[in-house]
Amino acid sequence: MNLITAIIKPHMLDEVKEALSAVGIQGMTISEVKGFGRQGGHTETYRGAEYQVDFVPKVKLEVVIDGPDVGKVTEAIAGAAQTGKIGDGKIWVTPVESLVRIRTGEMGADAV
Amino acid sequence: MNLITAIIKPHMLDEVKEALSAVGIQGMTISEVKGFGRQGGHTETYRGAEYQVDFVPKVKLEVVIDGPDVGKVTEAIAGAAQTGKIGDGKIWVTPVESLVRIRTGEMGADAV
Amino acid sequence: MNLITAIIKPHMLDEVKEALSAVGIQGMTISEVKGFGRQGGHTETYRGAEYQVDFVPKVKLEVVIDGPDVGKVTEAIAGAAQTGKIGDGKIWVTPVESLVRIRTGEMGADAV
Amino acid sequence: MKRKLLTGTMVGALFVGLLAGPASAQDYEWTTQDILDNTWILIAAVLVLFMQAGFALVETGMTRTKNAGNIMMKNMMDMAVAAIAFFVVGYGFAYGSDAGGFIGTDLFFLRGGDAYEGGLSLETNYFFQVAFAGAAATIASGAMAGRTKFWTYMIFTIAMTAFIYPVVVHFFWGGGIIADLQIGNAKFGDFAGSTIVHSAGGWAALMGAIFLGPRIGKYAKDGTPRAIPGHSMPLAITGVFILLVGWFGFNGGSELAADQFVPGIMVTTLLSAAAGALGATFAITMYTKKPDVGMAGNGILAGLVSITAGTGTITPVGAVITGFLGGLLVVGSVIFIDRRGIDDPVGAISVHGVCGVWGTLAVGLFAVNGDAFVDAAFPLEDGTEYTASGLFYGGGVNQLIVQLIGVLIVAAWVLVTTGILFAVLKSTMGLRVSEQEEIEGLDIHEHGAPGYGPDVTMSGSSVSV
Amino acid sequence: MKRKLLTGTMVGALFVGLLAGPASAQDYEWTTQDILDNTWILIAAVLVLFMQAGFALVETGMTRTKNAGNIMMKNMMDMAVAAIAFFVVGYGFAYGSDAGGFIGTDLFFLRGGDAYEGGLSLETNYFFQVAFAGAAATIASGAMAGRTKFWTYMIFTIAMTAFIYPVVVHFFWGGGIIADLQIGNAKFGDFAGSTIVHSAGGWAALMGAIFLGPRIGKYAKDGTPRAIPGHSMPLAITGVFILLVGWFGFNGGSELAADQFVPGIMVTTLLSAAAGALGATFAITMYTKKPDVGMAGNGILAGLVSITAGTGTITPVGAVITGFLGGLLVVGSVIFIDRRGIDDPVGAISVHGVCGVWGTLAVGLFAVNGDAFVDAAFPLEDGTEYTASGLFYGGGVNQLIVQLIGVLIVAAWVLVTTGILFAVLKSTMGLRVSEQEEIEGLDIHEHGAPGYGPDVTMSGSSVSV
Amino acid sequence: MKRKLLTGTMVGALFVGLLAGPASAQDYEWTTQDILDNTWILIAAVLVLFMQAGFALVETGMTRTKNAGNIMMKNMMDMAVAAIAFFVVGYGFAYGSDAGGFIGTDLFFLRGGDAYEGGLSLETNYFFQVAFAGAAATIASGAMAGRTKFWTYMIFTIAMTAFIYPVVVHFFWGGGIIADLQIGNAKFGDFAGSTIVHSAGGWAALMGAIFLGPRIGKYAKDGTPRAIPGHSMPLAITGVFILLVGWFGFNGGSELAADQFVPGIMVTTLLSAAAGALGATFAITMYTKKPDVGMAGNGILAGLVSITAGTGTITPVGAVITGFLGGLLVVGSVIFIDRRGIDDPVGAISVHGVCGVWGTLAVGLFAVNGDAFVDAAFPLEDGTEYTASGLFYGGGVNQLIVQLIGVLIVAAWVLVTTGILFAVLKSTMGLRVSEQEEIEGLDIHEHGAPGYGPDVTMSGSSVSV
Ligand SMILES: Nc1ncnc2c1ncn2[C@@H]1O[C@H](COP(=O)(O)OP(=O)(O)O)[C@@H](O)[C@H]1O
Ligand SMILES: Nc1ncnc2c1ncn2[C@@H]1O[C@H](COP(=O)(O)OP(=O)(O)O)[C@@H](O)[C@H]1O
Ligand SMILES: Nc1ncnc2c1ncn2[C@@H]1O[C@H](COP(=O)(O)OP(=O)(O)O)[C@@H](O)[C@H]1O
């Protein structure tokens with residue numbers, strides 16, 4: 001089992017969600033995060049003083065999947081989230097040892 | 001060492017926290033996330049136009065533990081967070097290679 | 001590859017960011033979380049009724065790195081985030097199986 | 001279904017009056033003083049109508065984001081319903097020709113008043129009084145926040161502004177049973193409505209809160225009250241400021257004329273409000289060691305409600321004392337009611353009910369002999385001059401007793417009628433939303449969308465676009 | 001560059017009038033009634049100026065956090081620009097000596113009026129009318145929210161308050177082509193500006209929304225409208241309350257005197273607003289099963305706009321009907337316009353345009369014969385008495401037709417001039433911000449910083465300190 | 001402990017006046033004009049009291065969520081403390097019988113004034129002036145936001161409203177040392193308080209900000225100022241609108257009568273405010289390329305403060321220039337003060353202090369000969385007519401010099417007294433909260449709970465229920 005974590009641009013969320021549905025993913029968890037990277041931030045001015053905003057809004061997507069589809073899912077996300085402009089984000093995969101569905105107590109593949 | 005991640009219904013947080021205390025967990029980190037899954041969303045209407053809300057509010061709980069209690073802790077969370085209705089959430093376990101307590105620099109089991 | 005996750009005090013973020021730059025880290029993702037731990041919460045009063053606030057604001061920092069620098073990065077974070085007072089937070093390291101840069105499709109070390 | 005019926009009936013009723021033209025031409029020539037009187041009262045009425053925004057903000061600020069839209073909606077509809085209901089029947093029940101000291105019987109649709117001969121016109125009177133009706137209904141809204149079905153609340157508001165409150169008004173200002181209340185040479189006095197408006201609203205709030213029961217999570221399993229902090233002190237205290245500003249219309253306009261007594265009314269109103277803030281801040285700091293912001297706001301309102309009955313008869317120093325005690329009282333009352341298992345999210349019962357009673361009784365303590373307005377407004381039947389005054393100014397206990405009787409009559413009427421009303425509503429339409437609706441918020445379930453967009457609250461609906 | 005030029009011209013223009021002193025001493029002795037008239041109108045004007053806060057809050061509450069600063073800024077600058085532009089030329093174009101029934105030709109910089117001989121002074125008139133000019137401009141702001149370039153919008157506001165709106169005013173209140181409009185014994189009537197102010201603003205809003213096109217994400221690929229929920233009902237409905245309160249100055253002050261007709265105006269204004277809220281709540285509940293909070297707020301505004309033309313001539317019952325129908329209409333219109341691909345985030349076109357037209361026509365239906373103000377204000381040329389009244393009061397269709405003609409003239413003027421203006425602006429400065437700016441918000445890109453700090457929205461800039 | 005003492009003393013003091021009855025019966029018969037004068041001033045005073053909400057919103061909007069409750073509380077208590085303190089001693093110090101040109105010595109508890117013989121009554125005067133006292137205190141609150149101990153601030157407010165500000169008022173309006181200031185035939189003029197109210201408040205703000213030092217994080221290690229963006233432009237700009245509306249009472253009411261000069265005052269007030277917004281927008285856009293929303297709001301306030309001294313004597317065109325320059329000035333001043341290491345989160349020193357001085361001097365530049373109010377209010381000792389006027393209207397530099405002297409006297413008094421006060425407070429109770437309290441927010445530490453609920457800010461306390 002694996003956990004696929006993706007950091008994407010907020011306005012790409014809808015398309016990523018659709019792409020995931022298309023490859024059969026039925027569950028995911030998202031959160032609002034802020035990213036720091038090559039994209040850089042921007043300068044804002046408030047009452048005549050400048051200040052640097054280093055962190056830009058991103059959305060983090062977490063999907064636990066079972067089986068060999070890691071590559072397919074990663075590609076689906078990458079394909080949908082890509083705008084080609086700097087700051088499109090990252091996807092990383094980590095191993096998951098076990099998974100439980102709280103409602104039923106099902107475990108492993110059944111819990112996805 | 002392991003990281004136990006749980007996605008639960010927001011209003012079950014207090015009970016989960018108590019259940020974790022009961023099994024000796026003294027630290028955890030939570031965040032507000034949104035979930036997509038079988039529970040589905042709902043339709044809202046604003047000024048006569050309908051729109052679909054796919055993501056429902058959830059709370060994400062992260063606990064790093066050391067030793068063989070993974071099962072016990074997972075069960076404690078699952079037991080407390082269960083309402084039996086769809087959308088109760090998931091718990092997954094990932095391996096942790098090392099842990100540091102920033103204040104003291106302690107590592108491993110001492111850092112929990 | 002590894003994912004380094006740090007829970008720190010919100011007002012230490014700027015210093016941690018600088019320390020990470022100093023060791024060559026160019027990307028990271030942060031989010032606002034709440035922590036429960038030895039630090040404890042505090043009691044608030046509203047309209048004459050007391051209530052316990054158990055969760056204190058923290059910032060969560062996630063950095064994916066490639067190669068053997070895990071120790072150096074962990075130390076950089078720990079050094080910058082340390083105030084010596086209770087509640088300074090934790091750092092944990094988990095294994096990452098793969099990483100993709102969405103913009104280019106680069107993978108592994110190139111994607112960092 | 002029921003909604004269709006309801007609206008249908010209303011619309012039908014309105015057509016009754018459609019065909020008739022306006023009142024016939026006035027022969028009386030308005031003097032500049034007449035116009036000044038009416039203009040001042042219209043301005044005062046606008047200030048009182050503005051209070052509706054104040055009520056809405058206090059209530060929404062002291063509750064949570066998930067019900068913010070519902071609360072704004074209720075306060076807006078209170079005003080809308082009050083305007084129509086008071087126009088159709090309420091004003092008539094309140095000020096129409098008396099039937100048995102209990103209710104008025106004409107002036108429905110503002111038709112059929114006497115020809116104008118100076119003073120306030122029928123329109124001016126309605127416009128000023130209707131703002132009070134809206135306030136009386138809205139008071140209960142705060143105590144019922146966070147769990148009441150919207151359409152059920154609408155029925156309550158209609159009943160309150162069309163019937164329950166107008167009858168209270170008739171009791172006193174309409175020349176009914178309290179107007180004649182007299183012990184020795186002391187007559188019941190309630191200048192701007194500590195009892196007639198505020199305690200009436202407060203009793204309705206009490207019944208509403210009791211019939212509803214507390215919000216989920218308000219009490220621990222052992223019954224200890226838990227704080228459910230409001231979501232925005234800036235909104236709540238802005239509401240307090242607006243209420244303060246509106247109250248100068250409420251009290252100052254209750255003189256029902258532009259004359260030399262208005263300045264004194266403004267001064268006592270301000271002093272009592274200020275003293276109320278100090279009193280409440282003092283009391284809550286003694287109790288919890290911290291000057292609670294919301295309580296200080298409640299203290300201003302407590303001071304205002306407390307002086308409303310006596311604003312024309314109490315001296316400035318008396319106003320400071322009345323307000324300060326009102327401020328102490330509101331803190332004690334909020335904590336007491338909270339402990340009794342009655343969940344009043346904004347303290348409406350304490351502010352309007354308890355301080356309304358206190359303010360009415362304060363007239364019996366601090367009223368000063370020979371106040372001109374009281375003379376003019378309450379000449380004794382036998383033509384002798386009104387000479388009573390408060391206990392502390394040598395007037396004995398007569399005034400205090402007569403005040404108490406007035407308070408009790410209004411309490412009895414409102415508690416019984418709203419009690420019956422809530423009981424009936426509970427067993428028919430239902431008073432309270434379902435548990436899931438309450439947890440997820442009335443905004444989404446009762447009104448279709450959250451009161452705050454997804455970009456404000458994390459509990460919002462979507463992060464896209 | 002263009003900004004420098006712009007400001008330079010303005011400052012230059014102001015110096016033109018600097019050297020001259022104030023108007024010469026008045027020989028006429030002001031009566032107390034004169035002073036009362038002026039004082040009341042000044043107070044009414046302050047209420048109308050307060051409406052600017054109401055417009056700002058409705059607009060910002062019904063849109064998203066990322067544009068909140070921009071919206072407050074636009075509404076603030078509308079007021080600032082209107083004050084200066086109306087002072088320099090606008091008031092003169094509106095009320096100066098008539099040229100061809102089209103435009104006024106003097107009174108620029110408020111100079112050169114007749115010596116005062118009672119009634120409102122030139123200053124009082126300006127102060128009251130300028131608040132209307134600001135409102136007329138601000139209406140369009142709502143329909144153009146979330147995508148308009150700030151500096152382009154400023155040019156629009158200058159044009160609107162300096163020229164387009166003043167000419168509309170001149171048409172009617174300034175004695176221009178609509179003032180003389182007469183069919184049989186019916187003359188065009190628009191007491192406080194359903195057509196002159198609101199529909200004029202509404203037509204500008206329509207052109208603005210069309211030229212801009214919808215916000216990104218407003219329509220699905222198949223053209224289905226998608227909801228973009230506003231970020232704060234508490235702010236939006238507070239804005240509605242403020243507009244309601246301000247409207248009593250808008251309508252009540254339009255009597256241009258403190259007299260016996262003001263109370264009736266206040267009553268019809270309130271009743272129509274209330275009925276509008278009920279009408280809109282009823283309509284939206286029929287349509288989506290839920291009483292939408294924002295729609296109910298639009299309903300109040302719809303009721304207010306609808307009665308603005310007839311507040312002095314329509315009976316209370318007529319006002320209830322007018323407002324209720326206005327409330328139904330606004331819901332239908334919002335949904336209709338939404339479906340036509342025109343993105344009006346706050347419903348400005350429906351509230352001000354559609355209900356402005358409806359309110360003007362309602363005079364043709366519900367106006368009552370013999371209203372004193374209408375008599376005084378519109379004596380017929382041949383000296384005979386004005387006897388027309390609305391269709392439902394036996395006046396025939398003349399009044400209705402003359403109302404329609406007035407509506408069409410104003411519509412033609414505003415649609416053509418704003419159409420040309422927006423076309424020119426679009427092909428020169430550009431009307432609309434870039435896609436990235438729109439997605440990330442106008443606040444950051446047009447004004448340098450977000451309207452909400454990082455501690456309120458997650459999309460904020462920083463979590464430190 | 002200290003709190004108990006404090007309140008105890010206050011309550012004790014109030015009882016002093018309790019036993020006495022109200023002023024004796026009036027023989028003088030009030031004319032309609034008298035009543036109109038008083039009614040207008042009462043309405044104006046209500047508008048000025050409403051400004052307190054404006055100050056609160058500007059200040060809270062321009063600072064962060066974690067101090068929002070504290071800021072609302074301070075502004076609310078400023079009003080409460082001012083009302084009581086001004087009643088007990090402040091009004092007497094300001095307007096009581098003169099002692100040495102420095103302070104008044106009677107009228108404490110509003111007792112012992114002359115019998116009424118027309119004009120404003122004692123109550124009306126108090127009610128109008130007390131609102132100014134609250135404003136003067138509140139100005140400093142903005143500059144001290146985010147780091148001041150609540151109870152220490154309360155002591156400052158008591159001192160300011162009971163003594164420091166009343167003495168300033170006595171200097172001029174109370175017939176003290178500035179009232180007699182005369183150079184040639186030019187007398188010091190400050191119609192509504194650019195110096196007396198605003199610069200006085202501004203100097204106190206300056207001392208407060210200096211003694212406190214900057215907020216944590218405001219300056220980088222090298223001293224470069226860093227922006228700490230406010231949390232809500234919608235609240236801040238709503239506050240600006242409320243202040244604008246209130247200012248029409250502030251300036252218009254300062255005529256102290258309802259007469260023919262009020263309309264002109266309203267016009268110059270509006271024009272200067274509008275020009276201030278344009279000036280500030282122009283200046284900040286030149287400087288940072290972006291029209292900053294908060295700065296534009298400051299510009300409106302700058303325009304208002306700038307015209308406050310000359311609203312009765314400056315022509316409309318002069319008002320536009322005065323306001324525009326005020327708008328430029330406020331931007332330059334905010335940036336300058338920021339760079340000097342003085343942390344003024346809302347720009348109070350610049351808006352009220354700097355523009356207050358500018359506005360007072362502007363009278364020396366733009367005042368017009370023969371203004372009726374100035375004639376009436378400031379007849380020269382020898383009975384000759386007041387003929388001075390501003391430099392640009394041929395009046396020479398006398399007026400300018402006398403204005404400057406008045407400014408300096410007030411500055412000296414306020415800087416010295418508040419300097420001593422803050423020094424004493426700093427070394428006794430302490431001025432500033434601890435570092436941890438400042439970082440976590442004053443709301444939690446000083447008032448026990450956050451000003452925004454956990455459902456609004458992520459830094460909130462709990463996510464449950
Ligand atoms: N090493 C990293 N660890 C965790 N998150 C990262 C890392 N590098 C980048 N990110 C996340 O990915 C986002 C995009 O990265 P960035 O370098 O700006 O552009 P790109 O993805 O085009 O290379 C960042 O905003 C951040 O949220
Ligand atoms: N594959 C997944 N990966 C990550 N999170 C998931 C996944 N599936 C579900 N979730 C999370 O669990 C929550 C509950 O899942 P859902 O399918 O709605 O109900 P249930 O837990 O009863 O099966 C979702 O809202 C989402 O936050
Ligand atoms: N077992 C744990 N798993 C996950 N997060 C933890 C755990 N223990 C502590 N934390 C996080 O670390 C923060 C600091 O821990 P705490 O025990 O308060 O102090 P310290 O780090 O000084 O030991 C907590 O607020 C919480 O966010």
Side-chain angles (χ1 to χ4, degrees), chain D residues 3 7 10-11 14-15 17-18 20-22 25-26 30 32 34-36 38-39 42-43 45-46 49-50 52-53 56-57 60 68-70 72-73 76-77 79-81 83-84 87 109-110 121 123-124 126-127 130 150 232 235 443 446-456 458 461 465, chain E residues 32-33 36 40 43 47 64-66 216-217 227-234 237-238 240-242 244-245 248 252 258-260 262-264 266-267 270-271 273-275 277-278 281-282 285 288 290-293 296-297 300 315-318 320-321 324 368-369 392-393 439 456-459:
Chain D
R3 293 181 306 249
T7 319
M10 268 197 162
V11 171
L14 295 174
F15 271 91
L18 176 62
Q26 292 96 345
W30 290 50
T32 296
D34 288 333
I35 294 172
L36 178 57
N38 281 272
T39 304
L42 294 176
I43 294 169
V46 170
L49 283 167
F50 192 29
Q52 209 70 21
L57 286 170
T60 201
N70 172 259
M72 298 310 289
M73 182 77 176
M76 190 162 54
M77 298 310 284
M79 196 273 323
V81 165
I84 305 292
F87 166 65
F109 291 96
L110 300 189
S121 76
E123 284 88 355
T124 304
Y126 161 78
F127 190 64
V130 73
F150 176 71
S232 174
L235 293 187
D443 285 0
E446 294 279 277
H447 304 287
Y452 282 101
D455 36 4
V456 179
M458 271 300 291
S461 341
V465 179
Chain E
T32 295
Q33 179 63 48
L36 178 56
W40 159 238
I43 294 168
L47 288 172
R64 280 163 302 169
T65 50
K66 65 184 179 183
I216 297 171
I228 302 183
H231 83 274
S232 174
M233 279 306 122
I237 303 304
T238 299
V240 169
F241 278 123
I242 290 175
L244 172 69
V245 159
F248 293 113
D259 65 20
Q260 67 270 41
V262 178
M266 300 306 232
V267 170
L270 176 64
L271 287 174
L278 298 181
T281 304
F282 173 74
T285 307
T288 65
K290 303 275 182 185
D292 186 275
V293 179
I300 287 197
T315 61
V317 170
V320 172
I321 298 167
F324 191 83
V368 171
N369 179 24
F392 295 171
Y393 291 87
I439 288 174
V456 178
T457 52
M458 270 300 291
S459 0

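For clarity, every value in this text was computed on a predicted model and none was experimentally measured.
Your options are Ala53(D), Gly448(D), Ala45(D), and the one with the most heavy-atom pairs under 4.5 Å with chain E is Ala53(D). Options Asp292(E), Leu271(E), Val262(E) differ in how many heavy-atom pairs under 4.5 Å they form with chain D, and the most are formed by Leu271(E). With chain E as the partner, the residue from Val130(D), Asp34(D), Leu42(D), Thr39(D) showing the most heavy-atom pairs under 4.5 Å is Leu42(D). Among Gly264(E), Ala277(E), Ala296(E), Pro291(E), the residue making the largest number of heavy-atom pairs under 4.5 Å with chain D is Pro291(E). Note on Gln52(D), Met79(D), Met73(D), Met77(D): by heavy-atom pairs under 4.5 Å with chain E, the leading option is Met73(D). In terms of heavy-atom pairs under 4.5 angstrom with chain D, the leader among Ile237(E), Val240(E), Ile300(E) is Ile237(E). Most heavy-atom pairs under 4.5 Å with chain D, from the set Leu36(E), Ile242(E), Leu244(E), Ile43(E): that is Leu36(E).
Separating the OG1 atom in Thr124(D) from the CE atom in Met266(E) is a distance of 9.0 Å, to the nearest 0.5 Å. Atoms CG and CH2, from Asp259(E) and Trp30(D) in turn, are 8.5 Å apart once rounded to the nearest 0.5 Å. In this structure, CG on Leu270(E) lies 10.5 Å from CZ on Phe87(D), to the nearest 0.5 angstrom.
Of all heavy-atom pairs spanning Ala258(E) and Ile35(D), the tightest one is O-CG2, 3.2 Å. Val293(E) approaches Met76(D) most closely through the heavy-atom pair O-CE, 3.7 Å. When every heavy atom of Pro234(E) is checked against every heavy atom of Ala68(D), the shortest pair comes out as CG-CB, 3.7 Å. Residues Phe241(E) and Met72(D) share a closest heavy-atom pair of CE1-CE, 4.5 Å.
For Glu446(D), the part lying near chain E is the backbone, with the side chain staying farther off; criterion is any non-hydrogen pair under 4.5 Å. Both the backbone and the side chain of Ala275(E) come within contact range of chain D, each with at least one heavy atom under 4.5 Å from a heavy atom of that chain. Both the backbone and the side chain of Thr238(E) come within less than 4.5 Å of a heavy atom of chain D. At a 4.5 Å heavy-atom cutoff, the contact between Thr60(D) and chain E is made by side-chain atoms alone. Contact of Ala449(D) with chain E is not made at all, since no heavy-atom distance falls under 4.5 Å. Only the side chain of Phe150(D) comes within contact range of chain E, judged by heavy atoms closer than 4.5 Å.
Proximity of Phe248(E) to Leu49(D): side-chain heavy atoms (C-beta onward) are separated by under 4.5 Å at one or more points.
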